[in-house]
2 protein chains.
Amino acid sequence: MKARAARTQRRTRIQEENEERILKAALEVFSTHGFRGSTIDQIAEAAGMSKPNLLYYFRTKDDIHRLLIERLLDTWLDPLRAIRPRGDPLAEIRSYIRRKLEMARDYPRESRLFANEILQGAPRITDALEGPLKRLVDEKAEVIRQWSREGRLAPCDPYHLIFSIWATTQHYADFDVQVRAVLGPDRGGDGRFEDAARFLEQLYLEGLKSGTKGG
Amino acid sequence: MKARAARTQRRTRIQEENEERILKAALEVFSTHGFRGSTIDQIAEAAGMSKPNLLYYFRTKDDIHRLLIERLLDTWLDPLRAIRPRGDPLAEIRSYIRRKLEMARDYPRESRLFANEILQGAPRITDALEGPLKRLVDEKAEVIRQWSREGRLAPCDPYHLIFSIWATTQHYADFDVQVRAVLGPDRGGDGRFEDAARFLEQLYLEGLKSGTKGG
DNA sequence: TAATATTTTGACCGTTTGGTAAACATTGCA
DNA sequence: TGCAATGTTTACCAAACGGTCAAAATATTA
């Protein structure tokens with residue numbers, strides 16, 4: 001029985017280990033060089049195996065990338081999904097910012113992989129953007145709009161609110177080098193995420209509390 | 001006299017035209033595929049000339065990229081430089097956001113070129129980040145801090161304030177595909193920049209007006 | 001342990017890539 | 001007009017690239 005077929009049926013211990021090693025290495029490489037900027041050799045070396053050996057587990061470079069993106073999209077929107085329509089608006093938004101910042105801190109490579117993909121025109125995930133992503137955002141935007149209608153949140157454009165939270169939080173993963181360079185060795189350390197959280201919470205909670213006029 | 005030497009002295013009309021054509025084409029290509037993802041052939045084709053012809057004007061692919069980045073950095077920080085310490089804090093911040101949004105709208109390729117560079121670890125511009133950029137940000141951060149001290153602006157971390165403005169405005173250039181996909185054909189049109197401006201101004205002006213407690 | 005299935009390797013292939021060399025064409029000017 | 005400087009093209013190269021193949025090595029199991 002060939003390995004190809006086997007993988008779809010039963011997976012060996014070695015298969016499981018090596019595929020995971022490859023994906024981990026590929027995430028590192030793809031996220032820092034983009035798809036075209038990464039070579040199979042680079043990934044193989046990072047995974048500690050030869051190129052043909054790697055290609056025994058994944059038929060093409062594209063396959064690896066596709067799987068990584070697929071996995072990513074699966075969990076990337078969890079924080080947004082976690083917004084509860086019945087919760088307190090400002091508390092929900094604060095939690096959302098928190099969770100997104102934690103993801104930027106704990107999964108910066110995933111963030112950069114995504115950013116690379118979008119930056120280059122999202123050739124492989126346009127469907128996901130226009131389908132599931134749009135639907136989820138539409139749903140949560142309606143929740144936010146309802147909060148505003150009920151006077152529990154300042155009236156504002158829910159889509160641009162979501163965009164701005166994406167932007168500000170992912171910035172700390174995607175533009176990490178710049179953030180560190182500007183903050184310098186002192187303030188660029190581990191504390192920067194807490195400083196960011198404090199600032200963003202202040203900005204959003206003050207900027208969005210009801211009683212504030214808005215568009 | 002060789003062309004190489006001539007370029008440093010007097011530039012022919014043809015030289016001027018072709019170098020400009022090449023840079024324009026290269027900006028388009030580099031900004032959407034990154035450095036390694038772009039090929040000289042692609043740039044040459046976009047510029048409407050043959051590869052050797054292009055290489056007559058620029059010795060290497062790297063040279064083109066370096067020049068583009070150099071030009072970019074030169075104007076990229078103009079909006080930040082334009083912040084006047086003696087102006088009204090909220091008005092200055094509003095203008096800054098406006099200008100940055102306009103740049104995202106009018107020069108999205110430059111924004112993406114920069115984003116690509118930072119995302120991939122800023123290998124070619126670390127010096128610029130740690131030097132001139134950091135100095136400028138330090139200077140303006142002090143201005144902002146002073147505003148807070150004077151009670152004309154809510155106390156806040158000036159660095160993260162600047163980061164958040166960078167992030168939210170550049171987002172509309174760098175993540176354009178995603179923004180369009182989510183907003184859909186109706187709201188994704190030309191109006192999205194004005195909607196964004198309205199939202200961001202509300203957020204920042206309300207979130208930062210003095211009288212607000214902060215860290 | 002023997003037989004079988006799986007895993008790893010080295011040698012290789014066609015294509016693409018960045019870049020060169022030299023011949024050819026064009027332009028600008030005395 | 002003639003001639004040198006400038007500009008363009010054709011043909012090419014070596015290295016890097018994505019990927020294949022068959023044989024060797026290892027692991028699994030009857």
Side-chain angles (χ1 to χ4, degrees), chain A residues 1-26 29-30 32-69 120 123-124, chain B residues 1-30 32-69 120 123-124:
Chain A
M1 191 196 271
K2 280 189 177 176
R4 284 291 117 58
R7 201 175 322 139
T8 66
Q9 308 211 338
R10 278 172 232 143
R11 291 186 10 160
T12 312
R13 172 184 52 88
I14 298 183
Q15 266 172 39
E16 207 137 342
E17 281 174 13
N18 282 351
E19 287 176 14
E20 220 44 54
R21 257 168 64 206
I22 292 169
L23 286 173
K24 193 180 162 190
V29 175
F30 279 139
T32 56
H33 297 105
F35 180 75
R36 287 211 50 190
S38 307
T39 72
I40 301 184
D41 275 302
Q42 270 179 298
I43 300 172
E45 199 196 318
M49 65 178 68
S50 67
K51 182 170 66 170
N53 196 181
L54 182 149
L55 286 166
Y56 169 74
Y57 293 100
F58 292 92
R59 286 210 321 276
T60 65
K61 178 177 153 185
D62 211 86
D63 280 0
I64 310 175
H65 191 261
R66 216 191 308 273
L67 187 53
L68 278 178
I69 291 276
Q120 314 201 347
R124 296 158 229 273
Chain B
M1 190 196 271
K2 279 190 179 177
R4 285 290 117 59
R7 202 178 320 142
T8 67
Q9 309 212 337
R10 278 170 231 144
R11 292 187 7 161
T12 313
R13 173 186 50 89
I14 297 183
Q15 266 173 38
E16 206 136 343
E17 282 175 13
N18 282 352
E19 287 175 13
E20 221 43 54
R21 258 169 63 204
I22 292 169
L23 287 173
K24 194 179 161 191
L27 176 61
E28 183 69 40
V29 176
F30 280 139
T32 56
H33 297 104
F35 180 75
R36 288 211 49 189
S38 306
T39 72
I40 301 185
D41 275 304
Q42 270 179 299
I43 301 172
E45 198 195 321
M49 64 178 68
S50 68
K51 181 171 68 171
N53 196 178
L54 181 150
L55 286 165
Y56 170 74
Y57 292 100
F58 292 91
R59 287 211 318 277
T60 65
K61 177 178 155 184
D62 211 85
D63 280 359
I64 311 175
H65 192 260
R66 215 190 309 274
L67 186 54
L68 278 178
I69 291 276
Q120 315 201 345
R124 299 157 227 274

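Just so it is clear: chains get the letters A, B, ... in the order the sequence lines come, proteins before strands, and each one is counted from 1.
- Not one side-chain nitrogen or oxygen of Y56(B) sits closer than 4.0 Å to the OP1 or OP2 atom of dT8(D).
- In terms of phosphate contacts, Y57(A) brings a side-chain nitrogen or oxygen within less than 4.0 Å of OP1 or OP2 of dT8(C).
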Identify all pairs in which a protein N or O lies below 3.5 Å from an N or O of nucleotides 25-28 of chain C, and state each distance.
| from | atom 1 | to | atom 2 | distance (Å) |
| --- | --- | --- | --- | --- |
| dG28(C) | OP1 | R13(B) | NH2 | 3.1 |

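- Applying the salt bridge (Lys or Arg N to Asp or Glu O under 4.0 Å) criterion to R36(B), with sequence neighbours excluded, gives no partner residue.
- Side chain of P52(A), nearest nucleotide from dG19(C), dG10(C), dT10(D): dG10(C).
- Inter-residue side-chain proximity for Y57(B) and I14(B) is flagged as met; some heavy-atom pair is nearer than 4.5 Å.
- Under 4.0 Å is where a charged nitrogen must lie from a carboxylate oxygen, and between E20(A) and K24(A) no such pair does.
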Could you pull out all donor-acceptor pairs under 3.5 Å where a side-chain atom in residues 39-50 of chain A meets a protein atom, sequence neighbours excluded?
| from | atom 1 | to | atom 2 | distance (Å) |
| --- | --- | --- | --- | --- |
| T39(A) | OG1 | Q42(A) | N | 3.0 |
| Q42(A) | OE1 | T39(A) | N | 3.0 |
| S50(A) | OG | N53(A) | N | 3.3 |

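- Listed by chain and number, the residues in a ring pair (Phe, Tyr, Trp, His ring centres under 6.0 Å) with H65(A) are F30(A), F35(A) (sequence neighbours excluded).
- The residue among N18(A) and K61(B) whose nearest nucleotide of DNA chain C lies closer to the 5′ end is N18(A).
- Listed by residue number, S38(B), T39(B), I40(B), K51(B) are the residues of residues 36-51 of chain B with a heavy-atom contact under 4.0 Å to DNA chain C.
- The two residues L68(B) and L27(B) make their nearest non-hydrogen contact at CD1-N, 3.6 Å.
- Contact check for F58(A) versus L67(A): side-chain heavy atoms found under the 4.5 Å cut-off.
- With sequence neighbours excluded, the residues that form a salt bridge (Lys or Arg N to Asp or Glu O under 4.0 Å) with R124(A) are D62(A), E117(A).
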